[in-house]
Amino acid sequence: MDAVIYTKLILILLSSNFLDFNHATLSSIQLAFPCAKSYQKGELNVDCSYKRLRYIPDLPPNTVHLNLRHNIIKQVFNNTFKHMTNLKVLDLSFNWLKSMDNQTFNGLGNLKHLKLNNNMLTGEMPNKCFQYMNCLTDLDLSFNSWKRINLQTFVGLQNLQSLQLNDNKLDYSILKFPPGCFKPLESLTRLSIHNNNVLAHILNDNSVVFPDKTISDLKMLEILELDIHSGSSDENNLFGKGFSFLTKAILAQCY
């Protein structure tokens, strides 16, 4: 009888310890959010930089500033940001992103600043991949391997003011920059497309210039950063009629 009671006692103690262990484990898991949170002027900032994250963690829906730079994120799953309607700043630079589509940024209707520079994005820019970002003013796509812009890539970006496309593989031609692709960018004042005109550099051909039919849609443009062959002397050859609307500074990157 005593042996039976002793056995039951051990089992009860073991069960109690197991429950305490499980509770502690679950609490640890719940508290293991990998990012730092802070508030500035009542706005939630979430810093997930330099965490070697492979995926974007579950984030508080009231996040306003999100820093995900310097991780190893390869993909943003569709609708990841669907609940992030308060987000204004998103930094995904210096990751391993390889692709995106027209649902990648669904939900980011209030986003103003997006950094996608220094990733592994390549090929053609998808149509309507920024269609939900009507408030976006600053977009950085530099230092990737983009090869072509599609006609509807920038649909939805009517309030964009600054676009950085520099340091990609976008040769200056109507095949890579089709006429009309910049038409949705009604408010753009600054465009950076330098360090792209690789073909002209290889061929040492100063006749390979940015297509003026494409640039002519940017009626509000004030600053243009582009590649100009250092040996070019014919201004008419460098800037066709499509550039005539540029009334302010042109910044030229010579090679």
Side-chain angles (χ1 to χ4, degrees), residues 76 90 92-93 95 97-106 108 111 113-134 136-202 208-228 238-243 245-246 250-253 255:
V76 178
L90 173 58
L92 273 162
S93 60
N95 274 281
L97 291 176
K98 295 181 179 180
S99 64
M100 58 187 187
D101 62 29
N102 61 5
Q103 294 299 314
T104 300
F105 301 111
N106 184 15
L108 298 181
L111 196 72
H113 305 279
L114 175 60
K115 293 180 70 66
L116 293 169
N117 54 289
N118 295 87
N119 274 281
M120 300 179 183
L121 296 164
T122 187
E124 296 186 2
M125 289 190 197
N127 282 319
K128 299 183 179 180
C129 51
F130 307 109
Q131 62 180 325
Y132 301 104
M133 300 183 179
N134 296 329
L136 199 69
T137 60
D138 183 20
L139 175 59
D140 191 345
L141 295 166
S142 62
F143 293 96
N144 281 286
S145 296
W146 293 116
K147 295 180 180 179
R148 186 179 185 274
I149 296 174
N150 275 310
L151 194 59
Q152 298 185 55
T153 293
F154 299 123
V155 166
L157 297 181
Q158 62 268 21
N159 291 308
L160 194 70
Q161 297 175 16
S162 175
L163 174 59
Q164 292 174 261
L165 292 169
N166 53 284
D167 295 273
N168 278 282
K169 296 181 179 179
L170 295 162
D171 291 317
Y172 293 175
S173 73
I174 59 173
L175 295 177
K176 302 298 181 71
F177 291 91
C181 68
F182 287 152
K183 198 168 185 178
L185 305 177
E186 300 172 3
S187 304
L188 198 72
T189 58
R190 179 167 187 163
L191 174 63
S192 299
I193 49 176
H194 56 281
N195 293 336
N196 274 298
N197 203 13
V198 179
L199 183 60
H201 182 61
I202 293 173
V208 182
V209 295
F210 196 83
D212 61 341
K213 288 183 179 180
T214 302
I215 206 76
S216 63
D217 287 322
L218 299 176
K219 303 301 184 185
M220 300 296 292
L221 196 65
E222 297 177 359
I223 298 175
L224 174 62
E225 298 173 289
L226 76 167
D227 298 315
I228 296 175
L238 290 176
F239 304 112
K241 293 180 180 179
F243 291 80
F245 67 93
L246 287 171
I250 296 178
L251 303 183
Q253 176 77 20
Y255 59 80

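- Between the CG atom of D227 and the CG atom of N195 there is a distance of 5.5 Å, given to the nearest 0.5 Å.
- Looking at T153, its side chain never comes within 3.5 Å of a backbone N or O of N127 through a donor-acceptor pair.
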Review point. Hey, mind stepping through D171 and R148 against side chain to side chain contact (heavy atoms under 4.5 Å, CB included) and telling me if it holds?
Key: CA-CA 8 Å; D171 291 317; R148 186 179 185 274; over 6 Å; no
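- Two residues are said to be in side-chain contact when any heavy atoms from C-beta on lie closer than 4.5 Å; W146 and T122 fail this criterion.
- Taken to the nearest 0.5 Å, the NZ atom of K176 stands 10.0 Å off from the CD atom of E124.
- Rounding to the nearest 0.5 Å gives a distance of 4.5 Å between CD1 of I149 and CZ of F182.
- Remark: the backbone N or O of S93 is paired with a side-chain donor or acceptor of N95 at under 3.5 angstrom.
- Here S192 contributes atom OG and N168 contributes atom CG; the two are 11.5 Å apart, rounded to the nearest 0.5 Å.
- Between E225 and R190, at least one side-chain nitrogen of the basic residue sits less than 4.0 Å from a carboxylate oxygen of the acidic one, meeting the salt-bridge criterion.
- Ring pair Y172/F210: centre-to-centre distance below 6.0 Å.
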Practice item. Check step by step if side chain to side chain contact (heavy atoms under 4.5 Å, CB included) holds for Y132 and Q103. Key: CA-CA 9 Å; Y132 301 104; Q103 294 299 314; 2.9 Å; yes
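- For I174, the CD1 atom counts as loosely surrounded, since its 6.0 Å shell holds 12 or fewer non-hydrogen atoms of other residues, nucleotides or ligands.
- Counting only heavy atoms from C-beta outward, the side chains of L185 and D217 never approach each other to under 4.5 Å.
- Between the N196 side chain and the L170 main chain, a donor and an acceptor come within less than 3.5 Å of each other.
- Minimum heavy-atom separation, T214 to C181: CG2-SG, 3.8 Å.
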Review point. K115 and L92: side chain to side chain contact (heavy atoms under 4.5 Å, CB included), yes or no, with the steps?
Key: CA-CA 6 Å; K115 293 180 70 66; L92 273 162; over 6 Å; no
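- Nearest heavy-atom pair, M100 versus P126, reported as atom, atom and distance to 0.1 Å: O-CG, 3.0 Å.
- To the nearest 0.5 Å, atoms CG (L111) and CG (D138) are separated by 10.0 Å.
- The backbone N or O of M220 sits nowhere less than 3.5 Å from a side-chain atom of T189 that would complete a donor-acceptor pair.
- Between L136 and H113, the shortest heavy-atom distance links the atoms CD1-N, 3.7 Å.
- Here L160 contributes atom CG and L114 contributes atom CG; the two are 9.5 Å apart, rounded to the nearest 0.5 Å.
- Of all heavy-atom pairs between K98 and L121, the closest is C-CD2, 3.7 Å.
- Using a 4.5 Å cut-off on side-chain heavy atoms (C-beta onward), L165 and F177 make contact.
- Proximity of L141 to N119: side-chain heavy atoms (C-beta onward) are nowhere separated by under 4.5 Å.
- Inter-residue side-chain proximity for L157 and P184 is flagged as unmet; no heavy-atom pair is nearer than 4.5 Å.
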Practice item. Please test N166 against I193 for side chain to side chain contact (heavy atoms under 4.5 Å, CB included), starting from the C-alpha separation and ending with a verdict. Key: CA-CA 4 Å; N166 53 284; I193 49 176; over 6 Å; no
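- Taking all atoms of both residues into account, the shortest heavy-atom contact from L191 to I215 is CD2-CD1, 3.9 Å.
- Summarising the geometry of Q158 relative to N134, their closest heavy-atom pair is NE2-OD1, 3.7 Å, with the distance given to 0.1 Å.
- Looking only at distances, no side-chain donor or acceptor of S142 sits under 3.5 Å from a matching main-chain atom of Q164.
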